[in-house]
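Here the structure is a predicted model, which means the values were calculated and not measured. Chain letters run A, B, ... following the sequence lines, proteins first, then strands; residues in each count from 1.
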Amino acid sequence: MRLLLLWVSLVACAADDFDNIRLPDTAADLARGKKLYLGSCTYCHGPTGDGGKGADLSRRDLVRAKTDGDLVRVIEIGVPGTEMPSAWHMTRREVTQVAAFVRSLARVENSGTVPGDAARGKALYARHGCSNCHTLKQGDLYTGGYMGPDLSSIGLKRNAAHLRRSLIEPAETLPDDFVPIKVVTKAGKSIEGRRTHEDTFALVVRDFAGNNHSLLKSDLQSAVLDAKRSPMPGYKDKLSAAELDDLVAYLVSLKEPL
Amino acid sequence: MKSLALFALGATLAAQTVPYERIRDAEKEPHNWLTYSGNYNGQRYSPLDLINTNNVKRLKVAWVHHTNTTESHETTPIVVDGIMFLTEGPNVVKSIDTRTGNLLWRYQKTIPQDLRLCCGRPNRGVAILNDTVYYGSIDAHFLALDAKTGRLKWDIEMADHKLGYSSTVAPLAVKDKIILGVAGGEYGIRGFLDAYDAKTGKRVWRFHTIPGPDDKDFGTWEGDSWKMGSAAIWTTGSYDPATNTTIWGTGNPGPDWNGDVRKGDNLYSCSFVGLDVDTGKKKWHFQFTPHDTHDWDATQVPVLIDGTFRGAPAKMVTTANRNGFYYVLDRTTGKFLAGKPFVKQTWAKGLDDNGKPMVLPGSEPTEEGNLVWPSLAGGTNWHSPSYSPQTNLFYVAAREQGAYFYKGEAEYKPGVIFNGGGQRNLPDEQPYGAIRALDATTGNLKWEFRTQTPQGVGVLSTKGGLLFTGTTQGDFFALHAATGELLWRFKTNGGMNSNAMSYAVDGKQYVAAAIGRSLYVFDLMEP
């Protein structure tokens with residue numbers, strides 16, 4: 001009991017010291033950090049850090065942990081108002097070992113070198129009509145279409161390899177609320193678009209003109225989801241290898257703050 | 001004049017008390033809901049039929065009680081002669097006049113900031129006995145409140161919250177005792193069930209859910225692992241007056257996913273225990289999942305059924321367990337009678353003649369992750385099942401979902417999370433849920449009503465031939481208890497994570513459920 005109180009007060013004293021933190025980098029520290037991570041963090045963040053219930057930690061620039069000090073702070077104190085709890089059960093040393101392991105999980109390299117030229121990629125984005133379906137922040141305004149995901153911050157969320165894959169085989173990375181659907185009502189009306197909501201009793205379909213159709217399943221003759229098909233065309237044969245590099249470089253550069 | 005009349009009505013309402021005999025004989029007053037499951041047998045069956053299969057289409061909202069809670073809203077209200085008692089996480093108890101929806105009193109406990117909790121700060125309800133409301137608080141205290149005013153009578157520490165103890169369970173009032181247990185199964189607590197004298201708050205007995213060195217069942221834990229083996233109690237038990245036995249389900253052993261440090265069967269984790277109410281002495285136990293490594297608590301409400309089993313009269317206790325199997329036990333001995341899976345499960349070949357799972361090799365969590373059905377949330381979870389004597393069907397909210405289970409390091413430190421790994425959902429799986437109706441004595445599936453998402457909601461059955469349940473996506477609905485046909489539904493847009501109940505006032509039946517952050521109360525529209 002006393003020991004606990006003492007520990008809490010030590011943490012309190014050390015709480016302002018996050019700016020000068022240096023993460024350990026020995027193999028033993030990383031191994032220890034991995035073990036602690038597997039014990040306490042995998043439930044939400046997954047064993048390889050690519051998220052689930054918790055945030056994706058496999059990215060280089062973690063939104064709430066730009067610096068190592070921030071990362072240690074987030075682990076040690078948690079994120080109030082969210083499900084991220086404090087790791088008050090770990091010593092500062094253990095927290096830094098976990099933080100070091102979390103940094104080692106980063107596979108999404110947003111700040112490193114990506115082959116290709118972002119400026120040329122931007123031109124390709126315009127020429128191929130990507131904005132017909134995707135929103136981007138241009139100045140203070142968000143412009144573009146709404147049938148595809150908003151790409152304004154895509155460079156913070158996805159790595160270059162993932163974006164390249166999305167361009168070549170869009171169906172492999174289809175987000176859950178962009179799954180194409182075709183429904184036919186009992187009255188014989190056919191509606192095609194993407195499923196934006198589904199529960200036990202209802203469906204909401206957004207058609208290609210942007211109209212929302214709020215439907216009761218009991219009024220439908222059929223509803224066919226096609227999770228293997230993306231409304232986005234694949235660009236494998238539409239772009240040269242160099243052009244693909246350019247477009248990926250442009251997407252990686254899209255980093256509107258979250 | 002009008003306000004005087006109302007005042008007189010209110011005064012009359014508040015004068016009611018609930019001696020033990022009223023709860024024991026709850027079927028004599030079907031308009032009330034006197035204990036967590038409606039009565040002692042855990043069936044969550046309302047003997048009211050004013051709302052029935054013929055008129056349920058006319059159900060509409062009577063009133064709504066909004067709350068400020070940001071916690072999962074898991075309470076089951078208790079209703080005594082028109083007065084409702086309910087809780088809200090993390091620390092509020094309320095009394096409401098059900099005729100008007102007016103708040104009669106509100107009690108808020110001051111709770112510490114340094115709670116050790118795995119899973120939010122919910123609470124599942126209160127118990128009432130005589131003129132007192134009893135409440136287990138999130139900091140593992142046991143409180144008594146005056147039923148008329150909400151004034152605190154006592155606030156007793158059951159265990160130290162700094163060591164990971166908490167309480168979320170609705171207590172059970174039996175005879176002159178209040179029985180409740182402690183949560184904290186992810187903190188290496190040593191679980192227990194306490195009985196307190198209802199008049200004085202003095203503890204009468206404590207049953208440790210992990211036997212100590214003096215117990216004949218001691219030794220199913222390697223080394224000292226029994227001292228921090230968890231086996232928490234966080235769902236209300238049942239009571240059989242005929243044998244004076246109270247039956248409770250116990251939680252997972254700790255650390256949850258790393259069984260290496262606690263080799264052995266780990267009794268009485270993941271078990272039902274039958275205890276003598278007067279002494280707290282164990283009469284029997286039945287362990288559903290020996291040496292559990294998937295967090296499959298047996299914290300389901302034991303459902304007591306008197307009927308026939310293979311032609312002979314039987315006093316049974318039934319349950320659909322988180323591990324994916326449905327069980328029928330003899331509740332006088334704890335002996336296994338029958339069992340079979342009610343969801344997809346991949347960890348056991350089946351149950352042997354004694355009900356012990358024949359575990360398949362390779363189903364343990366690993367550092368790399370091991371795919372097993374059901375997931376950590378189980379084939380069902382803590383939400384109440386229901387049994388209808390009308391249909392002889394056992395209704396359970398099922399979850400069809402698998403998961404990768406991971407093993408991590410778990411070093412015990414007092415008051416420190418102690419779970420040893422975790423799980424991860426399958427990226428390509430489309431999990432779903434269902435309300436399933438099982439033959440109560442065989443577990444055979446009679447019908448199912450599928451839901452879009454895995455179920456995390458309880459089931460209420462009624463004499464009106466209805467089931468009331470909901471979804472985590474905000475629907476509340478009624479099914480035909482015999483066929484599973486959808487008869488009525490209502491969209492709240494608030495996720496439901498609780499159990500419905502029913503009561504009647506002034507000759508009118510109501511159905512109530514905590515949904516989203518509110519309590520919804522439904523009644524029939526005039527024809």
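- Trp257(B) contributes atom CH2, which lies 12.5 Å from atom CG of Leu38(A) (distance to the nearest 0.5 angstrom).
- If you take CD on Glu411(B) and CG on Leu36(A), they are separated by 8.0 Å, rounding to the nearest 0.5 Å.
- Within residues 212-227 of chain A, the residues having any heavy atom closer than 4.5 Å to a heavy atom of chain B are Leu216(A), Lys217(A), listed by residue number.
- Taking a 6.0 Å sphere around NZ of Lys182(A), one finds it holds 12 or fewer heavy atoms contributed by other residues, nucleotides or ligands.
- Interface remark: Glu186(B) contributes no atoms to any contact with chain A (heavy atom separation under 4.5 Å).
- Under the side chain to side chain contact (heavy atoms under 4.5 Å, CB included) criterion, Pro112(B) pairs with Asp114(B), Leu115(B), Asp139(B), His161(B), sequence neighbours left out.
- In the displayed structure, Asn211(A) atom CG is contacted under 6.0 Å by more than 12 heavy atoms of other residues, nucleotides or ligands.
- Inter-residue side-chain proximity for Phe201(A) and Leu486(B) is flagged as met; some heavy-atom pair is nearer than 4.5 Å.
- Inspection of non-hydrogen atoms places Phe449(B), Arg450(B), Thr451(B), Gln452(B) of residues 447-455 of chain B under 4.5 Å from chain A.
- Identified by a heavy-atom distance below 4.5 Å to chain B, the contributing residues of residues 26-35 of chain A are Arg32(A), Lys35(A), in residue-number order.
- With a threshold of 4.5 angstrom between heavy atoms, Tyr432(B) does not approach chain A through any atom at all.
- A distance of 6.5 Å separates OH of Tyr406(B) from OG1 of Thr48(A), quoted to the nearest 0.5 Å.
- At distances below 3.5 Å, at least one donor-acceptor pair connects side-chain atoms of Gln473(B) with backbone N or O atoms of Glu198(A).
- Rounding to the nearest 0.5 Å gives a distance of 6.5 Å between CG of Asp199(A) and OG1 of Thr471(B).
- Within a 6.0 Å sphere centred on NZ of Lys60(B), heavy atoms belonging to other residues, nucleotides or ligands number more than 12.
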